[in-house]
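Each chain gets a letter, A, B and so on, in the order its sequence line appears, and its residues count up from 1. Any value given below was found using the heavy atoms of this structure, including those in side chains, with hydrogens, waters and symmetry copies removed.
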Number of protein chains: 2
Amino acid sequence: MNIPNYLAENDIKPSYQRIRIFEYLYHEMNHPTVDLIYKTLAPEIPTLSKTTVYNTLKLFVDKGITSTVTIENNEVRYDAIVTHHGHFKCNVCGIIVDIPLNFNQLNLNELKDVTIEQTQVHLIGKCNKCLTI
Amino acid sequence: MNIPNYLAENDIKPSYQRIRIFEYLYHEMNHPTVDLIYKTLAPEIPTLSKTTVYNTLKLFVDKGITSTVTIENNEVRYDAIVTHHGHFKCNVCGIIVDIPLNFNQLNLNELKDVTIEQTQVHLIGKCNKCLTI
DNA sequence: TAGTAAATTTGTAATCATTACAATTTTATA
DNA sequence: TATAAAATTGTAATGATTACAAATTTACTA
Ligand SMILES: [Mn+2]
Ligand SMILES: [Mn+2]
Ligand SMILES: [Zn+2]
Ligand SMILES: [Zn+2]
């Protein structure tokens with residue numbers, strides 16, 4: 001994955017900030033909040049503004065290379081994976097992990113006559129690590 | 001459904017405000033925001049405070065007679081139905097409708113060794129009414 | 001290469017939902 | 001009725017997000 005190329009292919013000029021932010025999303029795969037991205041990158045990019053993080057993520061979402069995950073209010077999280085998948089969140093340590101999902105398994109006969117553009121499946125509980133402590 | 005009794009059975013003293021707020025949730029079934037509940041009831045309960053709406057909904061959630069629905073950030077919605085079900089939201093008119101779901105249909109072999117306490121399934125798209133306009 | 005326009009980044013102020021908290025009012029109890 | 005406990009209220013504080021204008025960087029042209 002060449003990130004500057006990937007951004008350019010998706011109609012995004014690969015500025016330094018954009019490259020670093022997407023690089024973080026793509027390599028960490030940790031569903032970070034804006035604040036975590038900012039706090040992580042700010043020491044390495046001293047001029048970085050939190051507004052740039054917001055602007056950049058909005059751009060990524062608009063261009064379709066980033067998705068948002070809203071499990072609980074007051075924290076939007078971002079994800080470099082944009083294909084359909086679900087999420088499990090541990091309510092002890094807060095980790096969010098991806099879940100492959102077969103959406104055909106959802107029996108949605110109730111929903112004829114509607115178009116479905118987005119599907120969010122969020123499971124919340126305790127992860128193995130937190131259960132065995 | 002006798003709402004004062006239902007509140008009392010769930011260890012909630014049935015004050016006038018609590019009765020009116022639960023009555024609204026239960027009869028409208030419209031997954032309202034705090035603001036909608038407040039704006040609807042305030043004309044009929046002139047002394048009502050928005051803080052009371054927040055406090056009351058928090059109490060209902062703690063006591064297990066109300067659930068929250070967070071599909072998009074910056075709007076928590078409330079639901080008098082606490083049994084497992086999913087939601088469809090129309091991104092044109094904003095209506096949120098319940099979807100019966102068989103959660104066994106989700107193939108979650110990836111998730112052994114975790115406990116699942118809560119499941120959220122949110123579908124977003126266009127409802128029939130908005131498609132045919 | 002210098003000059004200019006466009007795009008991007010930045011910092012600050014504004015907004016909006018929610019929470020904190022103390023004062024007031026209502027309810028329960030002696 | 002007097003007193004304590006519970007519930008409600010209004011205001012201030014918080015925190016995430018957005019608006020916006022200034023500053024900086026980049027792209028393009030003469
Ligand atoms: Mn993910
Ligand atoms: Mn519902
Ligand atoms: Zn955990
Ligand atoms: Zn609609």
Report summary line: Walking DNA chain D from its 5' end, the first of Leu48(B) and Glu75(A) to be reached, judged by nearest nucleotide, is Leu48(B)

When the distance from [atom1] of [X] to [atom2] of [N] is rounded to whole Å, what number comes out?
X	N	atom1	atom2	result
Ile45(A)	dT8(C)	CD1	P	17 Å
Tyr16(A)	dT10(C)	OH	P	11 Å
Asp62(A)	dT8(C)	CG	P	13 Å
Ile19(A)	dT8(C)	CD1	C1'	13 Å
Glu72(B)	dA16(D)	CD	P	20 Å
Tyr38(B)	dA17(C)	OH	P	13 Å
Arg20(B)	dT8(D)	CZ	P	14 Å
Ile12(B)	dT8(D)	CD1	P	11 Å

At under 4.0 Å between heavy atoms, what does [X] touch on the DNA or RNA strands: base, sugar-phosphate, or nothing?
X	answer
Lys13(A)	sugar-phosphate
Thr33(A)	nothing
Asp35(B)	nothing

Does a side-chain N or O of [X] approach OP1 or OP2 of [N] to a distance below 4.0 Å, or not?
X	N	answer
Thr52(B)	dT9(D)	yes
Ser49(A)	dT9(C)	no
Thr51(A)	dT12(C)	no
Tyr54(B)	dT19(C)	no
Gln17(B)	dT26(C)	no
Ser15(A)	dT9(C)	yes

Report task. May I ask you to check whether Tyr16(B) and Arg20(B) show a side-chain donor-acceptor distance below 3.5 Å? Result -> yes

Query raised in the report: Taking the inter-plane angle between the rings of His122(A) and His87(A) on a 0 to 90° scale, is it parallel (under 30°), tilted (30 to 60°) or perpendicular (over 60°)?
Result: tilted

Query - Val34(B) side-chain proximity, nearest of dT18(C), dA7(C), dT17(D) - result: dT18(C)

**Report entry** Nucleotide nearest Arg18(A) when distance is taken to its side chain, options dT9(C), dT17(D), dA6(D)
**Finding:** dT9(C)

Requested in this report: State whether Lys39(B) and Glu44(B) are salt-bridged, where the test is any N-O pair (Lys NZ or Arg NE/NH1/NH2 against Asp/Glu carboxylate O) under 4.0 Å.
Outcome: no

Requested in this report: Tell me, yes or no, whether the heavy-atom count around Ile95(B) atom CD1, taken from other residues, nucleotides or ligands under 6.0 Å, exceeds 12.
Outcome: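 Open: at most 12 neighbouring heavy atoms sit under 6.0 Å from CD1 of Ile95(B).
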
Report task. Please report the shortest heavy-atom distance between Ile19(A) and Pro4(A), naming the atom on each side. Result -> CD1-CG, 3.8 Å

Report task. Would you please indicate yes or no on a ring centroid separation below 6.0 angstrom for Tyr26(A) and Tyr6(A)? Result ->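 No.
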
Requested in this report: Could you pick out which residue, Asn74(B) or Asn55(B), lies toward the 5' side of DNA chain C when each is mapped onto its nearest nucleotide?
Outcome: Asn74(B)

